[in-house]
Amino acid sequence: MEISIKSSSVLRALECSDCGKTYAVFELQTLSGCCHRPLLARYDLKESFTKDQLRDRPATMWRYRELLPLLSDAHLVSLGEGFTPILSLQNLASLYQFKRLLLKDEGQNPTGSFKARGLSMAISKAKELDVPGCIIPTAGNAGVAMAAYCAKAKMEAVVVMPSHTPKAFQEECYWYGAQVHLVDGLISECATKAQALNGNGQWLDVSTLKEPYRLEGKKTMGYEIAEQLNWQLPDVILYPAGGGTGLIGIWKAFREMQTLKWLSPLVKLPRMVAVQAANCQPLVETYFGRQENARQYCGRPTIANGLAVPRPIGENLMLQVLRESQGTAIGITEEQMLEGLRELGGQEGLFVAPEGAAVWMAARQLLRTGWLSGEERILLLNTGAGQKYLENVAGFHRQK
Ligand SMILES: *Cc1c(COP(=O)(O)O)cnc(C)c1O
Ligand SMILES: [Zn+2]
């Protein structure tokens, strides 16, 4: 894809999310050296860059080019990711008495999930910084996306995923020419394996939040939500949180848009809901004070593979978003996810990832408990396409 937007990025520094110490943008950075925490990209946000300038740009996440960290367009690696549709779920809305129920369908991204955004960004930056190859521990979708973008960028790709990951994820990685390693365990065990495989540091580790740029790709969801809703925002956004880049990224975008004055001061930011699988809900446990943090948390596998992240490194950043936005965290059972899949399929013609089904069921549950009101504008994020999860869900289209 040709991007014809002539503009220099205004990336200024990478900032430690814990203490604020800044790091240079012209070299490879992983976690902050000071606190060993994720780095956040900081920009010189100029009010002279107005949202009107977006009007005739391509319908991909790269329309927000100035707010992304790539220094030169020559390194841009794109498969057409982003600008996914926001659909109105009218049938479910009238069934459950929601006044306005929207779903942003990230399953329509290249490689079938919103991981495409983060990896288009991270692999573009890896190319810019002259990295020969990348390695990733993954629950599935991130590995597939990394493999695809590495293929496009002519970079080596090494993917480490749990052996119970549905075949479609493994197989797609092979077709992109990636090296695949299967590990008995969850993504945390894959991370240990990836570190061992990468002992001499020959590949860039693009684990969630261990490099600063996947987050920047994911934040484009926040920009799109605002632009597609004509610079209004929903009252509540429900997001399926694993490592949390989407949650953190969307919130980061809202804050940046406030600085840019793209959002009127009258626009209230949404309450953000982190939806997890009851089988692996470290954030829910910490948020409700049942543990101090997730560092010792043990999770079980779930049909929503992307949610099986027992010890997320971005936990504090996620908690901060939930608190600042007056949001909440909620766990959804496997049975509920299957019910959600049946409803989104049968009522709305959408075959979503179990992660997306969890989000819908969370909306139902929060309506029932009164945390949500049917009068509010609700936006669900479906983060992936259902097709890859066949082994997890085949046959459950009827209630057993
Ligand atoms: C990775 C993934 C998630 C979780 O995303 P994070 O950025 O890790 O919070 C949710 N849904 C799907 C389909 C995923 O692949
Ligand atoms: Zn620090």
With ring pair (Phe, Tyr, Trp, His ring centres under 6.0 Å) as the rule and sequence neighbours excluded, what pairs involving residues 170-207 come up? none
Taking the side chain as every heavy atom from C-beta outward, state whether L102 and S88 have any atom pair closer than 4.5 Å. yes
Are Y23 and V206 linked, directly or through other ILVMFWY residues, by side chains that come within less than 4.5 angstrom of each other? no
Check Q170 against V180 and note the closest heavy-atom contact, atom names and distance. O-CG2, 4.3 Å
Test side-chain contact (heavy atoms from CB on, under 4.5 Å) on L204 and L129 and set out the steps. CA-CA 10 Å; L204 174 66; L129 294 164; over 6 Å; no
May I ask you to decide if H75's main-chain N or O and K127's side chain share a donor-acceptor pair within less than 3.5 Å? no
May I ask you to test the V25-P69 pair for a side-chain heavy-atom distance under 4.5 Å? no
Closest heavy-atom contact between M61 and T220? CB-OG1, 3.5 Å
Given ring-ring contact (aromatic ring centres under 6.0 Å, His included), test Y239 with W251 step by step and report yes or no. CA-CA 11 Å; Y239 170 83; W251 194 252; over 10 Å; no
If only side-chain N and O atoms count, and only distance matters, is there a donor-acceptor pair under 3.5 Å linking Q320 with R323? no
Nearest 0.5 Å please: distance from the CG atom of L28 over to the CD atom of E211. 9.5 Å
Looking at N279 and Y297, what are the two nearest heavy atoms and their distance? O-OH, 4.3 Å
Between S120 and E81, does any side-chain donor sit less than 3.5 Å from a side-chain acceptor? yes
Applying side chain to side chain donor-acceptor pair (under 3.5 Å) to T333 and Q336, what does each step give before you reach the verdict? CA-CA 5 Å; T333 66; Q336 286 177 303; 3.3 Å; yes
Hey, do the aromatic rings of F83 and Y223 have their centres closer than 6.0 Å? no
Does Q291 use its side chain to pair, donor to acceptor, with the backbone of P282 at less than 3.5 Å? yes
Q29 (side chain) donor-acceptor with A24 (main chain) under 3.5 angstrom: yes
Looking only at atom types and distance, does a side-chain atom of E189 sit under 3.5 Å from a main-chain N or O of V183, one as donor and one as acceptor? no
Can you name the closest pair of heavy atoms from A294 and R311 and give their distance? O-CG, 3.1 Å
Could you tell me the separation between the CD1 atom of I187 and the CG atom of L307, rounded to the nearest 0.5 Å? 11.0 Å
Nearest heavy-atom contact between I237 and L381 is CG2-CD1, 4.0 Å
Quick one: does any side-chain atom of R37 pair with a main-chain N or O of S17 as donor and acceptor, under 3.5 Å? no
Salt bridge (Lys or Arg N to Asp or Glu O under 4.0 Å) between E339 and R342: does it pass, once the steps are laid out? CA-CA 5 Å; E339 187 181 346; R342 283 191 288 270; 5.4 Å; no
Salt-bridge criterion met for K219 and E216 (N-O under 4.0 Å): yes
Determine the sole option in V158, V144, T165 for which the side-chain contact (heavy atoms from CB on, under 4.5 Å) test with C173 is passed. V144
Inspect the contact between R117 and E106 and indicate whether a charged nitrogen and a carboxylate oxygen are less than 4.0 angstrom apart. yes
Please determine whether side-chain contact (heavy atoms from CB on, under 4.5 Å) holds for the pair I313 and L31, giving the CA-CA distance in whole Å, both sets of side-chain angles, and the decisive distance to 0.1 Å. CA-CA 10 Å; I313 190 164; L31 293 173; 3.7 Å; yes
Please check if the side chain of R271 supplies one atom and the backbone of T328 the other of a donor-acceptor pair under 3.5 Å. no
Is L209 linked to V321 within one hydrophobic cluster, defined over Ile, Leu, Val, Met, Phe, Trp and Tyr using a side-chain heavy-atom separation of less than 4.5 Å? yes
Short side-chain to backbone donor-acceptor contact, Q228 and T84, under 3.5 Å: yes
Would you mind reporting whether W231 and S264 have side-chain heavy atoms less than 4.5 Å apart? no
Does the side-chain contact (heavy atoms from CB on, under 4.5 Å) test come out yes or no for R65 and L70, once each step is laid out? CA-CA 8 Å; R65 179 71 183 83; L70 199 67; 3.9 Å; yes
Should L79 and M146 be counted in the same cluster of Ile, Leu, Val, Met, Phe, Trp and Tyr side chains packed under 4.5 Å apart? yes
Rounded distance [0.5 Å steps], CD1 in I378 versus CG in L89: 11.5 Å
Distance col, row L247:CG vs L283:CG, nearest 0.5 angstrom, shows 7.5 Å
Take atom CZ of R12 as the centre, draw a 6.0 Å sphere, and report whether it contains more than 12 heavy atoms from other residues, nucleotides or ligands. yes
Side-chain touch L76/W62, heavy atoms, less than 4.5 angstrom: yes
May I ask you to test the N382-K104 pair for a side-chain heavy-atom distance under 4.5 Å? no
Would a distance-only check, ignoring hydrogens and angles, find a side-chain to backbone donor-acceptor pair under 3.5 Å from T138 to G143? yes
Side chains of E334 and T302 only: does a donor on one sit below 3.5 Å from an acceptor on the other? yes
Consider only side-chain heavy atoms of I, L, V, M, F, W and Y, link residues closer than 4.5 Å, and tell whether Y213 and I136 are in one cluster. no
W360 and L350, any side-chain heavy atoms less than 4.5 Å apart: no
Within the 4.5 Å heavy-atom criterion, are E343 and M361 side-chain neighbours or not? yes
Distance check, rounded to the nearest 0.5 Å: L71 atom CG versus S124 atom OG? 11.5 Å
Under 3.5 Å, is there a donor-acceptor pair between the side chain of T22 and the main chain of A13? no
Heavy-atom nearest pair, L119 first then A142, reads CD1-O, 3.3 Å
With hydrophobic residues grouped by side-chain heavy-atom distances under 4.5 Å, do I303 and L380 end up in a single group? yes
Quick one: do L390 and K167 satisfy side-chain contact (heavy atoms from CB on, under 4.5 Å)? Show the steps, please. CA-CA 9 Å; L390 283 185; K167 265 275 187 295; over 6 Å; no
Contact between P137 and K193 at the side-chain level, heavy atoms closer than 4.5 Å - yes or no? no
Has the side chain of T192 got a donor or acceptor atom that lies under 3.5 Å from a matching backbone atom of S188? yes
Checking salt bridge (Lys or Arg N to Asp or Glu O under 4.0 Å) for the pair E256/K252: CA distance, chi angles, key distance, verdict? CA-CA 6 Å; E256 288 175 1; K252 186 172 188 282; 2.8 Å; yes
Would you give the length of the straight line joining atom CG of L338 to atom CD of Q399, rounded to the nearest 0.5 angstrom? 9.5 Å
Verify the neighbour count for atom CZ of R255: are there more than 12 heavy atoms of other residues, nucleotides or ligands below 6.0 Å? yes
How about R55: does its CZ atom have over 12 heavy atoms from other parts shown lying under 6.0 Å from it? no
